[in-house]
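For reference, the structure discussed in these notes is given below.
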Amino acid sequence: MEMHTLYTKSFLLPLFFLLLTSLISHSKACNVIDKEALLQFKNKITSDPSQLLNSWTLSTDCCKGWNGVTCDSTTGRVVSLTLSGTVDDGIDLPFDTYLSGTLSPYLGNLTNLKILSLIGLMQLNGPIPVEFNKLAKLEKLFLNDNKLSGDLPLEIGSLVSLLELGLSGNNFSGIIPSSIGSLKLLTSLDLKKNNLSGGVPESIGNLKNLGFLDLSGNKIGGKIPESIGGLKKLNTLDMMQNKIEGNVPVSIGGLSSLTFLRLSDNLLSGVLPYEIGNLKNLKNLNLQNNMLNGNLPASIGNLNGLRELSLGNNKFSGKIPTTFGSLKDLQNVDFSGNRLRGRIPKSMAKMSKSSFLGNRRLCGLPLPPCKPF
């Protein structure tokens with residue numbers, strides 16, 4: 001019995017390797033159009049100090065051993081191009097490098113591409129080529145942390161398969177095109193730390209699958225569109241450090257999945273809508289450094305999971321609602337720079353001074369004791 005098993009294994013093992021070798025040898029060679037597109041991209045690179053593209057040569061197959069390139073084995077079409085400014089050579093600790101140059105319009109010929117990720121290459125500059133509109137199968141586009149500039153192309157709405165879009169940490173300017181609302185499958189949109197201006201397009205409300213939206217650190221003005229309340233899957237909404245004005249819209253109460261809401265360092269005014277209390281999953285609420293006024297809505301006391309509450313440097317007045325005593329998970333509170341007065345709820349009195357910032361009209365531990373009336 002043992003001899004039979006040994007014989008079977010000795011027979012099957014070479015057969016397995018024969019089949020594996022056969023599969024590898026029959027994998028499709030790199031598509032000619034795709035290879036040209038990649039070499040044209042390399043041709044636009046003026047400096048590559050760590051030789052990230054050293055393996056990209058005319059005499060080799062781009063599907064076999066080209067750094068950052070992945071192909072479909074049956075078609076030979078390039079499906080992923082991934083290069084990063086952080087390199088792990090497997091020997092020393094990861095190190096940072098860069099590529100200097102521009103994005104070649106020939107990349108638009110990679111029509112089977114699903115992932116295009118050129119993150120942290122630092123010295124990539126110039127605009128996004130209009131030819132990117134041909135990448136109809138693209139699911140992930142990451143160009144974060146470079147020096148890319150110019151307007152976001154209107155044609156970006158052609159990328160109808162896109163799930164994630166990351167363009168943060170560049171020098172993009174101009175408006176967010178309304179065509180962005182055509183990206184119906186989008187789950188993540190990261191445009192932070194650019195020079196974008198104009199307003200948030202009303203079409204943003206079409207992105208029903210969006211879970212992450214970060215527009216912080218730009219020059220975006222105008223009002224928060226009412227349509228934003230339709231983003232029921234939104235988990236993070238960050239528009240801090242812009243020039244957004246007007247009221248916080250009532251529709252914001254429709255963001256039932258929201259856990260992080262940051263609208264600080266803008267020009268928001270008016271009263272905070274009662275509907276803010278509908279955000280039952282909220283953990284972080286940051287509205288500091290605006291011009292919001294009026295009484296704090298008692299409905300904030302419904303946000304039982306709230307851990308961070310930053311309302312400093314606004315024009316809020318009146319007393320802190322007693323309902324705030326229900327916020328048992330609060331770890332940090334900032335009421336400073338407002339016109340609030342009176343006694344703070346007892347549950348907040350248990351917080352340390354370092355985690356509670358008030359103003360001189362508020363009293364009760366951890367603030368100074370209230371004077372007898």
**Request:** Show your working on side chain to side chain contact (heavy atoms under 4.5 Å, CB included) between Leu167 and Leu148 and close with a plain yes or no.
**Result:** CA-CA 9 Å; Leu167 304 177; Leu148 299 169; over 6 Å; no

**Message:** Run the side chain to side chain contact (heavy atoms under 4.5 Å, CB included) test on Leu83 and Leu99 for me, step by step, so that the C-alpha distance in whole Å, both residues' side-chain angles and the decisive distance to 0.1 Å come before the verdict.
**Reply:** CA-CA 10 Å; Leu83 296 169; Leu99 288 179; 4.3 Å; yes

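If you check the gamma sulfurs of Cys30 and Cys62, they are less than 2.5 Å from each other.
Ser179 is linked by a side-chain contact (heavy atoms from CB on, under 4.5 Å) to Ile156, Pro177, counting only residues two or more places apart in sequence or in another chain. Applying the side-chain contact (heavy atoms from CB on, under 4.5 Å) test to Asn313 and every residue at least two apart in sequence or in another chain returns Asn289. Partners of Asp145 according to the salt bridge (charged side-chain N to carboxylate O under 4.0 Å, His left out) rule, which considers only residues two or more places apart in sequence or in another chain, do not exist here. Residues satisfying the side-chain contact (heavy atoms from CB on, under 4.5 Å) test with Lys114, not counting sequence neighbours, are Glu139. For Glu36, the side-chain contact (heavy atoms from CB on, under 4.5 Å) partners two or more places apart in sequence, or in a different chain, are Gln40, Tyr106.
Within a 6.0 Å sphere centred on NZ of Lys232, heavy atoms belonging to other residues, nucleotides or ligands number more than 12. Within a 6.0 Å radius of NZ in Lys42, other residues, nucleotides and ligands contribute more than 12 heavy atoms. At most 12 non-hydrogen atoms from other residues, nucleotides or ligands lie less than 6.0 angstrom from NZ of Lys193.
Residue pairs meeting the salt bridge (charged side-chain N to carboxylate O under 4.0 Å, His left out) criterion with at least one member in residues 252-266, sequence neighbours excluded, are Asp238-Arg262. Applying the salt bridge (charged side-chain N to carboxylate O under 4.0 Å, His left out) test to every pair with at least one member in residues 68-77, sequence neighbours left out, gives these pairs: Asp34-Arg77.
Shown here for Thr97 and Pro49, the closest heavy-atom pair between the two residues is OG1-CG, 3.8 Å. Nearest heavy atoms, Lys315 versus Asn338: N-OD1, 3.3 Å.
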Donor-acceptor pairs are to be reported for all side-chain atoms of residues 214-230 against protein atoms at under 3.5 Å, with residues two or more places apart or in another chain.
{"residue": "Asp214", "atom": "OD1", "partner": "Ser216", "partner atom": "N", "Å": "3.0"}
{"residue": "Asp214", "atom": "OD1", "partner": "Ser216", "partner atom": "OG", "Å": "2.7"}
{"residue": "Asn218", "atom": "OD1", "partner": "Asn194", "partner atom": "N", "Å": "3.2"}
{"residue": "Asn218", "atom": "OD1", "partner": "Asn195", "partner atom": "N", "Å": "3.4"}
{"residue": "Asn218", "atom": "OD1", "partner": "Leu196", "partner atom": "N", "Å": "3.0"}
{"residue": "Asn218", "atom": "ND2", "partner": "Leu191", "partner atom": "O", "Å": "3.1"}
{"residue": "Asn218", "atom": "ND2", "partner": "Leu215", "partner atom": "O", "Å": "3.0"}
{"residue": "Asn218", "atom": "ND2", "partner": "Ser216", "partner atom": "O", "Å": "3.3"}
{"residue": "Glu226", "atom": "OE1", "partner": "Ser251", "partner atom": "OG", "Å": "3.1"}
{"residue": "Ser227", "atom": "OG", "partner": "Glu202", "partner atom": "O", "Å": "2.7"}
{"residue": "Ser227", "atom": "OG", "partner": "Glu202", "partner atom": "OE2", "Å": "3.3"}

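One hydrophobic cluster, built from ILVMFWY side chains closer than 4.5 Å, cannot hold both Val200 and Phe260; they sit in different ones.
Counting side-chain heavy-atom gaps under 4.5 Å among Ile, Leu, Val, Met, Phe, Trp and Tyr, the cluster of Ile119 also holds Phe142. Grouping Ile, Leu, Val, Met, Phe, Trp and Tyr residues whose side-chain heavy atoms lie under 4.5 Å apart, directly or via other members, places Leu185 in a hydrophobic cluster with Leu163. Listed by chain and number, the hydrophobic cluster partners of Met291 are Leu267, where partners are ILVMFWY side chains within reach of under 4.5 Å, directly or through others. Apart from Val250 itself, the hydrophobic cluster it occupies contains nothing, where clustering links Ile, Leu, Val, Met, Phe, Trp and Tyr at side-chain heavy-atom distances under 4.5 Å.
Between Asn67 and Ser55, the side chains place no donor N or O within less than 3.5 Å of an acceptor N or O (distance only, hydrogens not considered). Side-chain N/O atoms of Lys184 and Asn209 include no donor and acceptor closer than 3.5 Å. When only modelled atom types and interatomic distance are considered, Thr259 and Asn235 share a side-chain donor-acceptor pair under 3.5 Å. Ser168 and Asn144 form a side-chain donor-acceptor contact under 3.5 Å, judged by distance and modelled atom types alone. No side-chain donor-acceptor contact under 3.5 Å links Asn171 and Lys147.
For Asn146 (side chain) and Asn125 (main-chain N/O), no donor-acceptor pair under 3.5 Å exists by modelled atom type. In terms of modelled atom types and a separation under 3.5 Å, the side chain of Asp61 and the main chain of Cys63 share a donor-acceptor contact.
Between Trp56 and Phe41, the angle of the ring planes lies from 30° to 60°, which puts this pair in the tilted group.
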